[in-house]
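Just below is one structure, and these are the notes that go with it.
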Amino acid sequence: MANTILKTKDVKLKYGDFEALHGIDLSFNENEITALIGPSGCGKSTFLRCLNRMNDLIDGVTITGEFDYRGKDVYAEDYDIVELRKQIGMVFQQPNPFPMSIYDNVAYGLRVAGVRDKETLDEAVQTSLKQAAIWDEVKDKLDKSALALSGGQQQRVCIARALAVSPDIILLDEPTSALDPHSSRQIEATLLQLKEKYTIITVTHNLQQAARIADRTAFFLQGDLIEADDTKNIFMNPAHKETSDFITGRFG
Amino acid sequence: MDKIRESLLKPSRTSKLERRGKLISLVSLSSICLVVIAIFIFIAFRGLATFTSDHVSLVDFVTGTVWNPDVEVNGQPLVGALPMITGSFLITILATALALPFAIGTALMMTDITPKMGTKILQPVLELLVGIPSVVYGFVGLTVVVPFIRDVFGGSGFGILAGTFVLFVMVLPTVTSMTVDALRSVPKNYRSASLALGATRWQTIYKVVLRAATPGILTAIVFGMARAFGEALAVQMVVGNAALMPSSLVAPASTLTSVLTTGIGNTVLGTVQNDALWSLALILLLMSLTFNLVIHFIAKRGELKQ
């Protein structure tokens with residue numbers, strides 16, 4: 001039985017008066033990939049961004065409910081948000097490397113955490129780039145701008161950047177939606193390798209992708225969590241009609 | 001069949017309209033270019049007369065420290081422009097350097113720290129600052145800044161320092177609003193990426209936002225310098241207008257523009273005195289040209305980096 005690492009209870013989120021999430025109860029297991037699926041605007045990305053408190057940056061958002069991360073409430077008054085984001089890393093939909101060299105991009109998280117030692121940085125950069133399966137492609141041009149890479153490469157550098165701070169959980173917000181099929185497959189292969197060491201939560205528009213890589217899948221619809229189960233069950237034997245309608249492509 | 005053929009061969013009403021619009025744009029564009037070129041030629045022609053018909057050597061003009069066009073020594077008028085050139089550059093650099101930290105700080109407040117208050121309060125304040133006529137700035141400088149400097153630093157109060165303070169307020173809105181544009185053009189996802197990696201807001205601003213905005217901020221600085229370099233009236237009111245090498249920041253001095261505005265009404269076209277002023281104008285023109293080129297250069301390099 002897998003360990004539950006992060007558990008949410010009755011999570012509600014409001015943009016002003018508009019309630020975007022209507023009470024989400026969901027738990028995530030260690031060293032598994034959980035996919036959040038659902039039609040556009042169903043709240044899956046919003047929910048994902050609650051997990052590392054990225055929604056705090058948006059004006060007028062109120063979030064209620066419990067977020068139990070390894071026994072501690074993420075939204076507690078005294079929770080160190082900087083520390084939280086080191087533990088729960090994030091990769092965004094658009095590849096967004098900083099306008100710096102590849103090396104500086106990957107070393108960024110460690111540097112802001114105060115790591116100065118050149119050897120530690122070198123090693124972390126190399127390990128993370130290897131984990132993100134991009135080391136061979138960039139090892140000779142670490143001092144070149146990350147913006148000169150292709151979209152798929154940029155996204156894997158972004159994954160490496162998130163890995164470099166050795167997070168506990170990695171959140172991915174549609175990490176392959178801006179990429180071509182080939183790059184997407186490479187990222188998927190990377191993620192499958194990464195789950196040995198990390199817990200991965202990914203939002204995806206691509207049902208096949210969820211079916212290919214996710215251990216568990218959660219289906220969101222209009223701010224509600226319809227069901228969450230082993231991926232096999234969701235796709236082969238969904239408990240709800242909405243889920244099977246969505247899976248079979250009747251809407252969304 | 002013939003009808004279609006005819007309509008295809010004959011220019012239609014819309015294509016005629018298109019051609020007319022193009023013609024109007026072209027005429028406006030070329031007349032503006034013509035005016036600019038004419039101004040250039042005219043100033044160059046007048047400005048070079050000092051060296052061609054009055055036989056002042058260019059080196060003496062740029063390095064000479066005595067400005068007294070009425071007096072001739074060895075058959076040459078005393079037109080050393082170095083005091084004004086120094087004054088102009090000193091005031092420009094000091095004012096921009098003083099404005100820069102304030103501009104970046106204000107701009108960060110408006111874009112990253114309190115964007116709501118920024119757009120509600122700071123934006124209108126900045127726009128107001130731009131709208132105040134320069135003579136008002138000069139007047140305030142004359143009645144407030146000059147006595148203040150006189151009390152604190154001694155001397156008459158007129159001089160480079162007074163000019164710096166007045167110009168500081170005048171270039172601040174330009175530099176700030178351009179810095180704001182530069183910061184706003186930094187993609188939001190850089191900020192979220194940095195925060196998501198556990199960086200604090202200050203680290204994000206310092207390591208990512210400011211760095212990504214550097215070309216834009218440099219452009220803002222050069223724009224501010226161009227504005228400071230060309231400002232005449234307000235500076236002339238507080239700088240003291242003594243065409244001497246500035247011995248200290250609080251000693252009366254002069255700038256290219258201040259000498260021009262004080263002198264241009266008192267000379268007769270075609271005389272040495274008048275030609276010398278045109279030479280100063282030529283220097284001003286060349287300097288603004290340089291500023292423009294620098295801006296283009298920075299913009300080009302910024303694009304390459306992206």
Side-chain angles (χ1 to χ4, degrees), chain A residues 48-49 51-60 80-101 104-115 128 144-148 154-155 157-167 170-173 178, chain B residues 104 107-123 179-220 297-306:
Chain A
L48 188 81
R49 282 200 305 271
L51 300 177
N52 68 342
R53 295 187 59 174
M54 286 305 275
N55 283 333
D56 290 18
L57 304 174
I58 302 167
D59 275 337
D80 184 350
I81 192 166
V82 167
E83 194 51 43
L84 169 76
R85 290 183 184 147
K86 273 176 206 159
Q87 295 300 328
I88 307 186
M90 188 166 209
V91 176
F92 297 80
Q93 179 173 8
Q94 287 290 333
N96 57 354
F98 300 126
M100 313 170 181
S101 73
D104 288 341
N105 260 286
V106 182
Y108 183 85
L110 289 172
R111 283 198 176 128
V112 298
V115 178
S128 326
K144 294 272 156 50
S145 169
L147 297 178
Q154 287 188 9
Q155 191 64 304
V157 167
C158 291
I159 293 177
R161 181 174 69 184
L163 295 177
V165 288
S166 24
I170 304 169
L171 310 176
L172 300 118
D173 188 0
Chain B
I104 292 181
L108 281 174
M109 282 297 280
M110 290 170 67
T111 58
D112 283 78
I113 297 169
T114 53
K116 255 194 194 152
M117 198 180 88
T119 40
K120 248 189 217 155
I121 300 173
L122 289 172
Q123 190 85 41
T179 306
V180 167
D181 292 342
L183 294 177
R184 289 216 172 114
S185 71
V186 173
K188 251 214 154 69
N189 61 21
Y190 287 173
R191 293 180 173 88
S192 13
S194 171
L195 292 170
L197 285 164
T200 61
R201 182 162 71 180
W202 171 243
Q203 284 172 325
T204 302
I205 289 172
Y206 181 70
K207 293 194 175 220
V208 177
V209 178
L210 282 181
R211 194 180 290 193
T214 303
I217 296 175
L218 284 178
T219 312
F297 179 72
I298 295 171
K300 270 239 172 74
R301 285 208 39 191
E303 272 167 30
L304 282 183
K305 260 170 97 188
Q306 300 295 316

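Scope of the values below: all heavy atoms of this structure, side chains included, with no hydrogens, waters or symmetry mates. In what follows, chains carry the letters A, B, and so on, assigned in the order in which the sequence lines appear, proteins first and then strands, with residues in each chain numbered from 1.
The side-chain heavy atoms of B:N189 and A:Q93, taken from C-beta on, include no pair separated by under 4.5 Å. The shortest side-chain heavy-atom distance between B:Y190 and A:P99 falls under the 4.5 Å cut-off. Considering only heavy atoms from C-beta on, A:R85 stays 4.5 Å or farther from B:L197 through its side chain.
Contact between B:T204 and A:Y108 at its shortest, heavy atoms only, is CA-OH, 3.9 Å. Closest approach of B:A193 to A:N96, counting heavy atoms only: CB-ND2, 3.3 Å. Contact detail for A:N52 and B:A196: the closest heavy-atom pair is ND2-CB, 4.2 Å.
Taking CG from A:D104 and NZ from B:K207, the interatomic distance works out to 9.5 Å, rounded to the nearest 0.5 Å. Atom CZ in A:R49 sits 9.0 Å away from atom OG in B:S192 (nearest 0.5 Å). Considering CG of B:L195 and CE of A:M90, their distance stands at 11.5 Å, rounded to 0.5 Å. Going from atom CZ of B:R191 over to atom CG of A:L57 covers 11.0 Å, rounded to the nearest 0.5 Å.
Neither the backbone nor the side chain of A:D80 has a heavy atom closer than 4.5 Å to any heavy atom of chain B. In this structure, the portion of A:P97 lying under 4.5 Å from any heavy atom of chain B is its backbone and not its side chain.
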Problem - Chi angles and distances behind the side-chain contact (heavy atoms from CB on, under 4.5 Å) call for B:Q203, A:R111 - result: CA-CA 10 Å; B:Q203 284 172 325; A:R111 283 198 176 128; over 6 Å; no

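Ranked by non-hydrogen atom pairs under 4.5 Å with chain B, the options A:Q87, A:M54, A:E83, A:R53 are led by A:M54.
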